[in-house]
Amino acid sequence: MASKLFVFFLVSALLLVMDSSFAQMPGFVSLDCGGKEGFRDELGLEWSPDNLKYGETTNISVENESRTQYMSLRHFPADSRKYCYTLNVSSRTRYLIRATFLYGNFDNNNVYPKFDISIGATHWSTIVISDANTIEMRELIFLASSPTVSVCLSNATTGQPFISTLELRQFNGSMYYTEFEAQFYLSISARINFGADSEAPIRYPDDPFDRIWESDSLKKANYLVDVATGTKKVSTKLPIDVNRDDRPPVKVMQTAVVGTNGSLTYRLNLDGFPGPGWAFTYFAEIEDLAPDESRKFRLVLPGNPEISKAIVNIEENAQGKYRLYEPGFTNLSLPFVLSFRFGKTSDSSRGPLLNAMEINKYLEKNVGSIDGDIIANVVSGYLSADWAQEGGDPCLPVPWSWVQCNSDPQPRVVSIFLSKKNLTGNIPSDLIMLSGLVELWLDGNSLTGPIPDFSGCVDLRIIHLENNQLTGPLPSSLLNLPNLKELHVQNNLLSGTVPRGLLNRNLVLDYSGNINLHKGSASGSRVNIVVGSSVGAAGLLIATIVSFIFIRKVKKRHPERDQPRHTLPVQMLVSSKSNAPAEAAHCFTFSEIEDATKKFEKKIGSGGFGVVYYGKMKDGKEIAVKALTSNSYQGKREFSNEVTLLSRIHHRNLVQFHGYCQDDGRSMLVYEFMHNGTLKEHLYGPLTRGQSINWLKRLEIAEDAAKGIEYLHTGCVPAIIHRDLKSSNILLDKDMKAKVSDFGLSKLAVDGASHVSSIVRGTVGYLDPEYYISQQLTDKSDVYSFGVILLELISGQEAISNENFGVNCRNIVQWAKLHIESGDIQGIIDPSLGNEFDIQSMWKIAEKALMCVQPHGYMRPSISEVLKEIQDAISMEREAAMVRDSNSDNTSRNSAHSSLMLGSLDMGGNDNFLSLDDTIAQPSAR
Ligand SMILES: *[C@@H]1O[C@H](CO)[C@@H](O)[C@H](O)[C@H]1NC(C)=O
Ligand SMILES: *[C@@H]1O[C@H](CO)[C@@H](O)[C@H](O)[C@H]1NC(C)=O
Ligand SMILES: *[C@@H]1O[C@H](CO)[C@@H](O)[C@H](O)[C@H]1NC(C)=O
Ligand SMILES: *[C@@H]1O[C@H](CO)[C@@H](O)[C@H](O)[C@H]1NC(C)=O
Ligand SMILES: *[C@@H]1O[C@H](CO)[C@@H](O)[C@H](O)[C@H]1NC(C)=O
Ligand SMILES: *[C@@H]1O[C@H](CO)[C@@H](O)[C@H](O)[C@H]1NC(C)=O
Ligand SMILES: *[C@@H]1O[C@H](CO)[C@@H](O)[C@H](O)[C@H]1NC(C)=O
């Protein structure tokens, strides 16, 4: 009987093994996140449910998407934790890992999710959903260095983090080996099949590794635009010799594009770039050339003349027709907007041909917490406990719920909170190796055995070991902890005597409830607080101490959840109802103002709130006096409350408020005088004649203004929404530094949430359409207006114009959107900028501006994100300007370019080829 059973088990075990080996391509893992049961998809891939312990699952239905793996997803709370998948891998093997996200409006929220995905301790990407029906995909190539890899979602800035699928594809041999693989991942930016016969990608089973070769006819923004005239598709049915199994599949190589006019040109956005990259092109001669015909061409990358030296002759290079030739660069600096061209040589009879290409970005690995291995050992003793399964790095990108880390680039664990977690056995001995440990909470468990020697943790301040079953003495090694401030060991089974040194220290020490633990003979006079079984202290004293400890404990505990995720800089700004008399605004007398302005002699501006006059105080200080026309400040008290608030807002990028004056029903506000007037005047006013401000200066102005707005949004409590941002509200001082004016005149924003206001205020052309319709005011309304200002900076056009934007278009947003989305940025660039700008930085700002003017607030970035983008653009522009300057010292920039064209013996017809700037470093050819 027993043996029969055994045989039965053996057979079924075998069946299981065979079943699973048939079920999946070896090295393939396809997780259907949130799915209920496994299935085989139309490609023949086997999917299994993800079976994760946390998160919730939801089914979605999306029009045009019937593939089963996308019909379910798993989503996680939008809290400060990270949620990880841990996948088994073979060490020292390369993998492709792919994560996909199809939102499908699963939460019926009107906010699209935005969150981060990380691999191990490394930030992989930020997932920004902008369409409920579009699949977002991220792919990465990595060399496994341990038996598992973890992929985590965290940091939801909007909505809830979620995931649809997670796929692992094991590579073979040395595929995608790079000499940098110990420090860098390869993140996939483009993998293109040229001359594709449909929009469908080519993948498994045509590609045995299930790489996705995207069709070149796919319609996406800024994907393969600027195609040269005369570009034709060619294809063959004949097999292509691709030589090794890591090359593109035959089906990809069987199609190509040919530049029948002599040139192939393309432009596309490379996500994640600029930065160092890996780029390969794949060629195979698939046309029949007559004996006297030839196909020779060069790659032209603007700014990279070295690259253009090599001549491609596919047939010769591949040593035959229908054979693969794959030149590439393993370390090439690439821009975000990549323009490239293949141009035929003058002695070639055929134009260039291209079958496929692959571009990956090097993503630097974060080595993670210094204590990662130690913590992994601690966790390995409790694998079945929930807290041990959080996955990923203990500290990065966010720490586990029971861990706190410092902010070093390679963080250390500083606190362990494992109170009441059912821990049994000895205190994990690895804990004593956490040399940065400051707090250790292991109370309320069932720990047994002795207290280990914590001498190596010299920073330890607080130790909680109470309410366990610890035995042995209170070790004198505790005396080696110079910073120890609290030691709680009550209610254990400790024995012996309390080391005298501990009693003598300035220490909160509780060793009560250990029947066999006794106070030593002598105790010094410096004993601060001692609670012990042998101390017959007065009940009152004990009560005081206990409550003291309790309060400390309450204060110290729960570091995990309760902290606000983004701590705002606390600002003195208080609610307008506050009657704090402290910083009242300065009150000018009417005669002071009258004198300063010489009886309101010089009008320097006017706006929604009133007319502005120039003035000069007796001490020489120049001022701008805004005489309010509004009758909304009838109440004197209300007015002075408002100006008190104004006087508390200080930021170098906000026009400084000096004080106010109220007299006889007239209300005036006094500000610093800004010598260079408004941005508007400099963009298209009379001041522009002759000397328009250059692109770098425009970017710097945008940066200044964004900083001012960021301060209003995040630095003030409650946040302030400007409501009326426009180029005439951005003022320039003597040094052309920009400051935002007219802030705070509208009602203060209600903290956090949006609020409904009775009057929509703003200026036509800058007004957030969503706010206009809903009257829901949020900081994103300012972002919309700021986007319009960015478009003005690019184009030098007014926000609203009856003439400049063509028929049926009066609005800069519509006009710019049309151009930018079709890839024609040149069409909107202010002609007065000439050629003196870096097209990369221009693109960066143009694309961000479009994000800012998205129809819905939740689709727009925060002002902080916009600011960061502007700063990136500034550094690009500065670098490019340096190159321009050095070029104009030697040869002029244009002649440098034409010599580059000559160098490539370019016969191609595409003369308006977009030139990129010379920020690309020298490649090292393979
Ligand atoms: C999702 O669909 C699967 C099968 O299609 C079903 O078994 C499951 O109960 C559904 N889950 C929910 C939450 O509706
Ligand atoms: C879905 O398919 C329909 C018809 O094929 C098409 O009109 C629509 O644009 C598609 N929607 C999406 C989101 O792709
Ligand atoms: C991963 O490996 C561990 C240890 O070898 C094993 O217990 C576990 O079942 C594996 N998980 C999967 C999903 O294969
Ligand atoms: C969370 O996301 C925000 C916005 O995307 C980003 O600025 C911040 O650095 C992220 N935090 C972490 C810990 O990655
Ligand atoms: C992986 O490499 C081995 C040996 O080189 C080869 O036999 C096998 O077919 C390759 N696997 C795939 C999927 O190409
Ligand atoms: C290039 O293509 C265009 C449009 O197909 C054609 O009109 C033109 O003649 C071609 N130029 C050359 C040099 O072949
Ligand atoms: C601890 O263990 C007990 C019994 O095994 C169980 O009832 C309890 O839920 C556990 N508590 C925690 C926090 O895991």
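Whatever order the structure lists them in is the order used to number ligands and atoms, beginning at 1. We number each residue from 1, following the sequence as shown. Below, all heavy atoms of this structure are taken into account, side chains as well, without hydrogens, waters or symmetry copies.
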- [ ] Just do the ring-ring contact (aromatic ring centres under 6.0 Å, His included) check on Phe162 and Phe106 with the steps written out, would you?
- [x] CA-CA 10 Å; Phe162 72 94; Phe106 70 87; 5.3 Å; yes
Task: Distance under 6.0 Å and angle within 45° of ring axis: Arg94 vs Phe171 - done: no
Task: Lys868 bridged to Glu710 by N-O distance under 4.0 Å - done: no
Open item on the list: So that I can tick it off, tell me whether Asp386 and Lys421 are bridged by a salt bridge, with the cut-off set at under 4.0 angstrom between side-chain N and carboxylate O.
Closed with: no
- [ ] Looking only at distances, please establish whether an N/O atom of ligand 1 is found under 3.5 Å from an N/O atom of Asn59.
- [x] yes
Open item on the list: Using a strict threshold of under 4.0 Å (side-chain N to carboxylate O), is an ion pair present between Glu390 and Arg81?
Closed with: yes
Task: Check: Asn155 N/O within less than 3.5 Å of ligand 4 N/O - done: yes
Open item on the list: One thing to verify: whether Arg878 and Glu700 come together as a salt bridge, which I'm taking to mean a side-chain N less than 4.0 angstrom from a carboxylate O.
Closed with: yes
Task: Heavy atom of Thr126, distance to ligand 4 below 4.0 Å - done: no
Task: Contact residues of ligand 3, where a non-hydrogen atom lies under 4.0 Å away - done: Asn88
TODO: Answer side chain, backbone, both or neither: which part of Asp116 comes under 4.0 Å from ligand 4, heavy atoms only.
DONE: side chain
Open item on the list: Ring of Tyr858, cation from Lys780 - is the NZ or CZ under 6.0 Å from the centre and inside 45° of the axis?
Closed with: no
Open item on the list: For Glu439 and Trp441, which I'm curious about, is there any donor-acceptor pair between the side chains at under 3.5 Å?
Closed with: yes
